[in-house]
Amino acid sequence: MKVTDVRPGRDYTFIFYQAEVNSKAAQNFFNTMVEWFTHLGYPPNKSAITGSGHSGKVISFSRSKLNLLKTGFDGISSILISTLAEGGEFTSTEHIIEALLGYSKLAVSASTQLTALSLEEVLLAIQPLIRDCKPEYGVGYIEYRESRDDSCRVKTVKEYAERTRLQEWRLYAVKKSLHKQGLIRDVYPFNFLNSSQLDMPVDGIPLSDWIQQNPSRGSLEPMNERLTLWRVEEQNIPAIREVLWQTGQIFDWNKYCPPPLSPEEAEAFIRRSQASIEAEIAAERGRDPKAGIDYQVLYDAQGREVKVYGPPPQD
């Protein structure tokens, strides 16, 4: 499969938050995903591993595997396994299949160009990992994967607002464990809810009871001791989302996060965006960024995330 077949495109995506990472979970993740990738006909060709004896850089899968044979899985904090499309360089935009365990997250993404797959098939493949990693919340859906070129196109105010909301879910809500206070990221075809989310009131009753009042609101299915799977038909999501947004179940970053930078502050940081791009490209290619480059995440006057590399601006 060539890069042009998967970029831009759509992905089957599952993301689970607050997943446990230990040597047993890491080993089972590695073995399960390698077997699954190979079964689909696209064995992994890239990997990035952090932990004792590993650099965290994206390198060839064969080299990563040899390193793991030497070091074992003790002390591993993250594993990325990816099958890059023919001619691809960047795992985040040009993969056919990709799986990550680390940073308190379990994530799997596969191109919808793989006709043998569906959301159901991906869920079936990763169910053992959900059991091993014991996440506290998760979602499954079909998403549009941006290409490198897409990141430069002009976006609407609505697109910027939604992107910012999802970034703040990752940067703020997950770190503050808001999912344990009943909040959800959004409504998706697959929602893996914990007890606090199921107990959140909607129209005066728990969300779980509200769902079961009407078949159009989906179905509930116990997954394990922590999570219940809430399935929702795609066509019913907008109506459900409208209700849960109004009642406050869906994360609204404006209620939790600090205000954006002033126009003057934003301008000072945006001027340095090229350094950010260069550093990210270097990291994707497994090279060290320029000496002294570090970053912090800030926001411009429209609330957009700006990842700022380099030393602080001089007065």
Side-chain angles (χ1 to χ4, degrees), residues 1-16 29-50 54-68 78-103 105-126 129 139-153 155 159 163 166 170 188-190 276-289 307:
M1 185 176 288
K2 299 179 180 179
V3 169
T4 51
D5 294 327
V6 297
R7 180 179 65 87
R10 287 160 65 81
D11 278 347
Y12 300 114
T13 299
F14 283 85
I15 303 174
F16 293 87
F29 169 83
F30 183 86
N31 293 337
T32 300
M33 289 294 95
V34 171
E35 181 179 351
W36 184 54
F37 282 31
T38 304
H39 171 73
L40 292 173
Y42 295 95
N45 52 28
K46 293 290 182 181
S47 182
I49 301 175
T50 56
H54 300 272
S55 68
K57 296 179 181 178
V58 177
I59 60 176
S60 70
F61 176 76
S62 57
R63 186 175 160 196
S64 280
K65 188 173 181 179
L66 284 175
N67 289 345
L68 275 174
S78 74
I79 300 179
L80 171 74
I81 302 172
S82 183
T83 300
L84 279 184
E86 180 184 343
E89 295 183 69
F90 296 86
T91 61
S92 59
T93 58
E94 296 170 349
H95 61 267
I96 299 172
I97 319 171
E98 186 162 281
L100 168 70
L101 176 63
Y103 315 102
K105 182 168 69 174
L106 167 65
V108 177
S109 177
S111 171
T112 58
Q113 296 288 335
L114 302 180
T115 55
L117 279 185
S118 65
L119 281 172
E120 291 281 357
E121 295 287 338
V122 178
L123 175 59
L124 184 64
I126 66 175
L129 306 181
V139 296
Y141 57 104
I142 297 177
E143 69 171 337
Y144 179 81
R145 185 203 308 179
E146 287 191 339
S147 69
R148 281 176 280 170
D149 297 333
D150 288 333
S151 62
C152 299
R153 70 182 176 88
K155 297 178 175 64
E159 286 178 309
R163 169 174 284 192
L166 294 179
R170 174 174 56 88
Y188 299 95
F190 291 80
S276 169
I277 294 171
E278 290 175 359
E280 289 183 352
I281 290 174
E284 283 279 6
R285 291 178 174 171
R287 302 172 185 164
D288 291 325
K307 184 181 284 187

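Keep in mind that this is a model prediction, so the values were computed, not measured. As a basis for the values below, the full set of heavy atoms in this structure was taken, side chains included, without hydrogen atoms, waters or symmetry mates.
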Trainee: Should we count CD of Glu35 as having more than 12 external heavy atoms under 6.0 Å?
Mentor: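 No, not enclosed.
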
Trainee: Looking at CD1 of Ile49 and NZ of Lys65, how far apart are the two atoms once the value is rounded to the nearest 0.5 Å?
Mentor: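 So the gap between those two atoms works out to 11.5 Å.
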
Trainee: Please tell me if the side chains of Thr112 and Leu117 come closer than 4.5 Å, counting only heavy atoms from C-beta onward.
Mentor: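 Contact flag for Thr112/Leu117 side chains = no.
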
Trainee: Could you pull out the closest heavy-atom pair between Tyr188 and Gly140, with the gap in Å?
Mentor: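 What the structure gives for the nearest pair is CB-O, 3.6 Å.
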
Trainee: Side chain of Thr50, backbone of Ser78: donor and acceptor closer than 3.5 Å?
Mentor: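 Looks like yes, one N/O pair under 3.5 Å.
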
Trainee: Tell me whether the centres of the aromatic rings in Phe30 and Phe61 are closer together than 6.0 Å.
Mentor: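 Aromatic pair counts; centres sit under 6.0 Å.
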
Trainee: Under a 3.5 Å distance rule, please check whether Thr83 uses its side chain to pair with a backbone N or O of Tyr42 as donor and acceptor.
Mentor: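 Checked: pair present.
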
Trainee: Test Phe14 against every option in Leu106, Leu119, Val139 by the side-chain contact (heavy atoms from CB on, under 4.5 Å) rule and name the one that passes.
Mentor: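 Answer to the side-chain contact (heavy atoms from CB on, under 4.5 Å) test with Phe14 among Leu106, Leu119, Val139: Leu119.
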
Trainee: Check whether any side-chain heavy atom of Ile59 sits under 4.5 Å from a side-chain heavy atom of Asn67, and report yes or no.
Mentor: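 Yes, close enough: below the 4.5 Å cut-off.
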
Trainee: Between Ile126 and Met33, is a side chain to side chain contact (heavy atoms under 4.5 Å, CB included) present by the stated rule, with each step listed?
Mentor: CA-CA 8 Å; Ile126 66 175; Met33 289 294 95; 4.0 Å; yes

Trainee: May I ask you to decide if Leu80's main-chain N or O and Ser47's side chain share a donor-acceptor pair within less than 3.5 Å?
Mentor: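 Yes; judged by distance alone, with no hydrogens or angles, the pair exists.
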
Trainee: Any sub-3.5 Å donor-acceptor pair from Glu94's side-chain atoms to Glu89's backbone N or O?
Mentor: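 Yes, the answer is positive, given that a donor and an acceptor are paired below the 3.5 Å cut-off.
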
Trainee: Carefully, step by step, assess His54 and Leu68 under the rule side chain to side chain contact (heavy atoms under 4.5 Å, CB included).
Mentor: CA-CA 9 Å; His54 300 272; Leu68 275 174; 3.9 Å; yes

